[in-house]
Amino acid sequence: MKKKIIIAGAGHGGLAAAAILGEKGYDITVFEKNKRKDMGYDWTDVFQINCFDDAGLPRPPANKYHPSYNITYTNPGKTVHITMPDIQVSSNSIMDRKDLCRYLIRLCEKNGVKFRFGTEIIAPVADKNRVIGMVVRKNDKLSAEFGDLIIDAAGMDSPLRTLLPERFGIQNEIRGSEVFTVYRAFFSKTVASSPEHKYIVHFFHMRKPGISWLITEKNYMDILIGRFGEELTEDDISEALADLRATYPAVGDEIIRGGQVARIPLRRTLPIIVADGYAAIGDSAGMTIPIIGSGIANSIRAGKYLAEAVIDDTDEEYTAKTLWKYQYNYFTNVGNKYVVIDKIKRLASSLSANDVDYLLEKEILSAGELSIGEEQATAMPLSTLSRKFIRAIPKLPFVANTARTFAKFGAVKKILKKMPEEYDKDAVAQWAEQYKNV
Ligand SMILES: Cc1cc2nc3c(=O)[nH]c(=O)nc-3n(C[C@H](O)[C@H](O)[C@H](O)COP(=O)(O)OP(=O)(O)OC[C@H]3O[C@@H](n4cnc5c(N)ncnc54)[C@H](O)[C@@H]3O)c2cc1C
């Protein structure tokens, strides 16, 4: 009989791995704090639908998603508008988050995965150097749940990852500049004519580091206000909304959906995501695309690499050594390309709104350089992307020398190449230190 696998939190990557493993007959239980009916944010997401093909999973029904729109970028001064070519549209789809959660849960259940909704994970349980279970709370009652492998899909603030003892070598906190704080809401539409650009992204909106977007839908206006870091106050949101309304009178007053603030990791994948009896996935492992914060497609792709490592571990040991295959394959196929983007994001965070105005007004950054979204990140070689960006830096009148020193893209490539293919504790720890600091 197969050993017991626990999915902690019904995050996308955990569910993708569960669906694959469930089909192979593994004994899998998902523990999720929300009730089934409350699953998923109350809004839509843009992500690459072909992540399902990559993971070997069936796509959601075609009537549940539709192609995304061409993005237009504008600078803080709103003097320049750059509309991206169609390539970005062709790969990205828009799907309701609640539909996506429902679909993944049904897929898992069809494959025999069990769910324990309304069960909050409190802390990991460890025996020496192995994670063996977790403390959970249901209806105010605490109990312990044990498993041979705990897959941590409980998001950025996962109580498992954050409370793992230091000896496991996994970064606990995702904080400060590694975070994107985001307000999202769908507003009513007024009778004023629709904005010229269907999907517009304001860089450094209100001259603060971050982005705001406005998507004009048939029946509502979809607004996102995001800041690099953890600072996004009620006043920031009110001021940004007022500015968007003044710029685009079609934005109405009534909130139709959403209206919450949430946090996403905005960084390269954590240096180590596996330990004996434990694997982190999705936001818990920091798998979003730095800058834009999309994490759904990467999480689902990661689910496949994790499931493969589990299946290949025929002795069902689930140790750091056997799970390393998951980390190695995820990094080499997906995660590594976002390290340069993470550096660009760090650099961008150090710019001022004036710098960003200059970059766009002088056409130093044009559609090519701005193609750092999902499809382009995979399509454009890192060397080209980094060369283009590095060429732009000396032209900036405002950027300090430190920023130039900071952007050593060549070093990134070297470190990524050095990632050990086979697990060796010391070699992995040494590599992780370099990866963290490059
Ligand atoms: C405003 C906003 C807009 C976004 N837009 C996009 C987008 O357009 N495209 C895109 O690709 N990504 C988007 N993202 C990012 C995306 O949400 C994540 O990257 C993606 O969901 C992967 O995260 P995850 O599934 O690992 O974790 P999460 O989505 O955080 O899921 C974690 C799960 O674990 C559960 N959980 C957490 N703690 C506990 C606990 N203690 N006990 C039990 N269960 C627990 C949660 O309830 C949740 O179900 C957006 C995020 C935000 C906040």
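Given the structure is predicted, the values throughout are model-derived calculations rather than measurements. Remember, it's 1-based here, ligands and their atoms both numbered in the order they're listed.
The backbone N or O of A280 lies less than 3.5 Å from no partner atom in the side chain of S284, so there is not a single donor-acceptor pair. Distance alone, capped at 3.5 Å, is enough to place a donor-acceptor pair between the S188 side chain and the E254 backbone. Judged by distance alone, with hydrogens and angles left aside, the side-chain atoms of N139 form no donor-acceptor pair with the main-chain N or O of K141 at under 3.5 Å. Under the 3.5 Å distance criterion, the side-chain polar atoms of K138 are matched with a main-chain donor or acceptor of F117. Judged by distance alone, with hydrogens and angles left aside, the side-chain atoms of N172 form a donor-acceptor pair with the main-chain N or O of T162 at under 3.5 Å. Judged by distance alone, with hydrogens and angles left aside, the side-chain atoms of K64 form no donor-acceptor pair with the main-chain N or O of D96 at under 3.5 Å. Side-chain atoms of R167 come within 3.5 Å of backbone atoms of K128 as a donor-acceptor pair (strictly under, hydrogens ignored).
For ligand 1, the atoms lying closer than 4.0 Å to a non-hydrogen atom of G9 are 34 (O), 35 (C), 44 (N). Residue N34 has at least one heavy-atom neighbour below 4.0 Å for each of these atoms of ligand 1: 47 (O). Set against the non-hydrogen atoms of T288, the atoms of ligand 1 under 4.0 Å away are 19 (O). Numbered from 1 in the order shown, with element, the atoms of ligand 1 that lie under 4.0 Å from a heavy atom of S299 read 22 (C). When each atom of ligand 1 is checked for a heavy atom of G293 under 4.0 Å away, the hits are 12 (N), 13 (C), 14 (N), 15 (C). Close approach to A262 involves these atoms of ligand 1, each under 4.0 Å from a residue heavy atom: 53 (C). The I296 neighbourhood of ligand 1 comprises atoms 10 (C), 11 (O), 12 (N), 20 (C), with distances under 4.0 Å to a heavy atom of that residue. Using a 4.0 Å cut-off to heavy atoms of A153, the atoms of ligand 1 that qualify are 32 (C), 33 (C), 34 (O).
For atom 35 (C) of ligand 1, the choice among K33, Q48, E32 with the nearest heavy atom turns out to be E32. The residue among H12, M95, M134 with a heavy atom at the shortest distance from atom 20 (C) of ligand 1 is H12.
On a distance-only criterion, F47 and ligand 1 share no N/O pair closer than 3.5 Å. In terms of polar-atom proximity, defined here as any N/O pair under 3.5 Å, P159 makes no such contact with ligand 1. Checked against a 3.5 angstrom limit, the closest N/O atoms of E120 and ligand 1 fall outside it. Between V182 and ligand 1, a contact under 3.5 Å exists for no N or O pair.
Distances from ligand 1 to the non-hydrogen atoms of G13 include no value under 4.0 Å. Between M287 and ligand 1 there is no heavy-atom distance shorter than 4.0 Å. Using a 4.0 angstrom heavy-atom cutoff, T119 counts as in contact with ligand 1. Ligand 1 is never approached by F180 to a heavy-atom distance shorter than 4.0 Å.
For S294, heavy-atom contacts with ligand 1 shorter than 4.0 Å involve the backbone as well as the side chain. For I264, every heavy-atom contact with ligand 1 shorter than 4.0 Å involves the side chain, none the backbone. Looking at W43 against ligand 1, only its side chain comes within 4.0 Å, counting heavy atoms. Heavy atoms of D283 found under 4.0 angstrom from ligand 1 belong to the backbone as well as the side chain. Under 4.0 Å from ligand 1, not a single heavy atom of Q260 appears. Proximity of D45 to ligand 1, defined as any heavy-atom pair under 4.0 Å, is shared by backbone and side chain alike. Contact annotation for M39 and ligand 1: only side-chain heavy atoms (C-beta onward) come within less than 4.0 Å of the ligand.
Looking at K345, M156, E178 one by one, the single match for side-chain contact (heavy atoms from CB on, under 4.5 Å) with L266 turns out to be K345.
In this structure, K321 is not positioned above the aromatic face of Y423 in the sense of NZ or CZ being under 6.0 Å from the six-membered ring centre and within 45° of the axis.
A donor and an acceptor atom, one from each side chain of S299 and H12, are nowhere located under 3.5 Å apart.
Below 30°, between 30° and 60°, or above 60°: for W43 and Y41 the angle between ring planes is below 30°, a parallel geometry. The aromatic rings of F228 and F180 sit tilted, their planes meeting at an angle between 30° and 60°.
D42 contributes atom CG, which lies 6.5 Å from atom CD of Q260 (distance to the nearest 0.5 angstrom).
In terms of the ring pair (Phe, Tyr, Trp, His ring centres under 6.0 Å) criterion, residue partners of Y435 (sequence neighbours excluded) are, by chain and number, F331, W431.
Within the structure, salt bridge (charged side-chain N to carboxylate O under 4.0 Å, His left out) pairs that include any residue of residues 210-222 comprise R184-D222 (at least two apart or interchain).
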